[in-house]
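What follows is one structure encoded as structure tokens, with my remarks underneath.
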Amino acid sequence: MFNGSCFEGAMGKLRLPVPAAAGWLPMARAGLLLLALVPACSRKSSPGGGGASGPVQAVAWSDGEVEAVGASGPFDGRLDLFTLLGDVVYEGAPGHVELGFPVLRDDQREAFMFTPPLRLRFRNLPLRPEARLVFGYGITIRKQGEAAPIEFRVELDRGAGLERLFAETVQAKEPGANEWLEADVALPAPAEPGARCDLVLSVDGGREGLIADWSWPAIVSDRRDPAPDRSTVAAEPARQDLLEQFPQASRLANPQGKAPHEIQVGLMAEMALRPAVVVPQGSSLRYRIHAGPSDSLRFRFHVLPHWPADGSGRAGTVGFTVRSRPAVDASGDAVWTTSGKRALAIEPGAVGPWPREASGLLPLGLVADGEVELELAASSDLPQEWATPGFTQLEVVTQRSVPRRARGDGGRNVVVLLADSLRMDHVGLYGYDRDTTPHLDAAARERGVIFDQATAAASWTLPSVASLFTGVYPVRHRVIHPERSLLPASWQTWADQLRAAGYSTAGFTSNPLLGRDHGFIDGFEDQHEELFAGAGRLMERVADWIASHKDERFFVYAHFMEPHAPYVAPAPFYDMFDPGYTGSVDHDTWSIFGNPAVRPMVLAIAGGFPVDVRDDLGEQSVREGERIAAGPPLLRRLMALYDGEVRWFDEQLGKMLDLLAAQGLEGETLVVVVSDHGEEFGEHGHYGHSFDLYDTLLHVPLVFLDPDATGPRHVAAQVSLVDVLPMLLERLGLPIPEGLDGLTLAQAEAAGPERVVFGQTSHYVDSRAGANPDRTEAVCARNASRKLIHVPRDDGWEAYELVADPAERSPVAADDAAFAEWRATLVETAAPLWSLAHRAPRPPARREEAILRALGYIE
């Protein structure tokens with residue numbers, strides 16, 4: 001579901017005010033996080049890992065590695081400027097900047113959003129041969145007023161002043177008519193190898209209520225650095241999430257009495273979507289874990305600066321040291337061994353509000369397996385009050401190198417294409433009367449394994465995709481709620497399984513819920529995010545990766561936003577299924593100045609407002625208290641636009657199949673087409689998804705295009721998305737982990753149509769008049785012939801005979817003896833879900849809240 005910046009022009013925004021110049025310029029560069037990891041986990045602290053007494057000695061890192069501003073690894077053809085926020089310097093006027101999700105004529109993108117005049121300087125960037133700066137730009141209107149143009153400029157500083165590379169003046173049009181413009185600007189060749197420069201983005205002009213937007217700025221070049229040794233893959237068969245274990249850790253305060261603590265909201269949580277832990281300078285955090293010689297510490301740390309307002313700030317370093325020792329008795333006589341050190345160099349200046357960030361792997365250097373103590377100690381040569389550090393990733397990972405599988409080693413590649421919000425009954429091969437999926441239908445006729453009874457594990461993205469990745473239901477992976485949206489690192493995903501088997505792996509997502517900050521693509525060797533990118537743009541990135549890895553055995557996951565709302569496929573797909581349409585629902589239906597006929601429907605998907613279909617409204621929708629009423633013509637129009645998005649996704653599948661054929665990979669690649677959930681158009685009193693557990697949301701397409709199959713093969717067995725992982729591993733001849741909820745294809749077919757699978761949602765809203773309007777948890781059990789839905793809060797039950805009533809219109813007696821075993825199972829399943837959802841939920845960070853709003857999961 002989506003509410004797409006509808007009410008404020010950029011509804012999913014992170015507002016980061018820039019103070020007036022006089023108070024801002026002395027405020028230093030984005031500070032750093034400093035966390036020293038010194039292995040030592042004394043359990044002499046208070047129960048539950050509370051603070052331990054005694055000061056902690058500051059840890060020096062003079063012989064450690066210092067990461068300078070602008071430091072970067074090998075250039076792989078693309079450098080996204082969004083990843084460099086910690087090195088951004090503000091110059092010029094005291095405007096403000098946001099990193100948000102503006103919508104220009106229904107095209108939503110992640111973007112820097114400036115209030116002119118303002119200038120951002122990206123420091124110390126590498127100049128690459130034949131490099132270009134690519135970006136989109138445009139104007140968001142937040143307040144109507146007189147016309148006032150904005151000038152967009154790109155300048156380069158190689159040490160001799162600013163060189164102007166691009167300047168374009170854009171006139172704000174009428175609300176709803178402003179569109180994204182595209183730019184591809186050549187950068188000068190480096191004077192010598194390794195040359196660096198500052199890149200400056202600036203805007204001038206405009207007026208109050210106009211925002212200058214820069215979308216997806218990136219430096220690209222076909223000239224890549226030499227690839228590192230690719231003879232092996234670094235597999236990670238085990239991980240320990242130390243942030244998850246924080247309640248059991250010992251926390252030693254610094255001399256000022258400040259101890260490590262979790263941040264639920266504020267500071268790091270303003271930017272980071274993960275939970276964060278602060279380790280103040282001079283304090284330490286201690287764990288007792290089992291580890292060995294193959295283990296390393298994976299870290300991601302940040303700091304926000306608090307530079308003196310009087311301009312007296314000075315440069316310094318913030319770093320961490322990792323130590324370890326064997327776990328011993330309470331006397332603690334074992335000797336500490338330093339595992340490694342890292343530091344970041346920072347200096348005062350006019351810098352943006354984003355934290356400086358460092359991440360990487362640091363080997364623990366252990367000589368034997370066993371119980372060890374780890375200490376994370378923080379230190380800096382700056383005053384403590386100048387910076388507050390935070391940790392958003394801290395994992396002990398076991399690494400081992402396995403031979404990378406080459407194309408000549410046999411086996412099969414795997415490409416998984418997920419269409420967000422695609423319901424099964426809008427796919428041609430499942431009987432839909434519109435030609436929405438011609439490429440999928442044709443390929444399935446040749447080599448398709450078609451699952452007729454595939455259901456999602458949840459009716460919205462996060463828990464459903466978590467189950468797809470892990471092979472277990474939400475009650476076990478615990479990603480069940482927007483405030484519990486991080487996939488625990490301890491779960492091995494399909495990317496982990498295939499990396500361990502020597503596959504090259506790449507994860508691509510345009511859905512921000514599935515990016516690095518939520519842990520979903522962490523297991524992939526190559527990770528690519530382009531938030532809210534359209535299907536064509538995402539497929540270009542996928543195709544480029546496959547072409548450059550065609551000589552390796554690979555696994556690719558690509559998560560497309562299509563056909564997720566808003567339904568804005570490009571021509572000719574936008575109007576493909578409503579070609580003679582002459583009504584008012586035509587583009588710009590979701591922005592702040594969108595069509596008033598559609599605006600109440602935004603509330604339906606953002607707030608869970610029940611929808612009543614009313615014939616007298618025609619192509620209109622209206623809000624009536626806490627409900628929405630909509631006319632059938634409006635719903636038909638929205639469904640036609642949705643189907644255009646389905647066809648646009650299918651076009652990308654066609655491009656993928658053509659690419660595989662052109663590269664000679666068609667006979668070696670298994671392509672999986674799947675969805676995470678469906679979409680409703682008023683059938684059960686809702687619009688969008690996540691608010692109930694009917695088959696409009698849970699019954700999803702699942703098709704394996706198998707190069708070894710001959711002709712279509714329909715699988716009648718009841719299956720779930722938790723089965724996809726074990727089915728893939730079985731198909732590839734790889735080991736299947738114990739303890740999965742999912743079944744292999746052979747096991748599923750043996751269980752047949754009567755096998756019972758489960759679904760859940762944390763957003764359930766009873767659509768009946770007078771019912772409790774608040775969201776709550778709901779669970780269901782289903783096989784190919786029956787379904788039972790349970791709402792624990794209300795002790796509510798619904799049952800359906802699906803063969804006689806596939807549309808789920810006529811409930812049957814839920815207390816029938818045939819459902820007795822199911823009822824007991826659902827009560828047992830619902831209890832931990834309810835507990836997890838209501839146990840001290842973490843308030844979402846501002847950026848997380850912006851994403852959830854832009855996707856429509858919250859108002």
request  = Please determine, by modelled atom types, if T509 and H528 share a side-chain donor-acceptor pair under 3.5 angstrom.
outcome  = no
query = Passes ring pair (Phe, Tyr, Trp, His ring centres under 6.0 Å), F152 versus W214? Steps please.
reply = CA-CA 9 Å; F152 293 79; W214 300 77; 5.3 Å; yes
Counting the benzene-type ring for Trp, do [X] and [Y] have ring centres under 6.0 Å apart?
X	Y	answer
W494	F555	yes
H587	Y574	yes
W648	F573	yes
F135	F166	yes

Presence of salt bridge, R158 and E163, under 4.0 angstrom = yes
ask   = Between R78 and E530, is there a side-chain N and carboxylate O pair less than 4.0 Å apart?
value = yes
query = Under 3.5 Å, is there a donor-acceptor pair between the side chain of N178 and the main chain of K173?
reply = yes
inquiry  = Please enumerate all residues that pass salt bridge (Lys or Arg N to Asp or Glu O under 4.0 Å) together with R314, with sequence neighbours excluded.
reply    = none
request  = Pick out which of Y503, F469, F508 makes a ring pair (Phe, Tyr, Trp, His ring centres under 6.0 Å) with Y557.
outcome  = F469
message = Check this for me: D222, atom CG, are more than 12 non-hydrogen atoms of other residues, nucleotides or ligands nearer than 6.0 Å?
response = no
query = How far does CE of M656 sit from CD1 of I546, to the nearest 0.5 angstrom?
reply = 3.5 Å
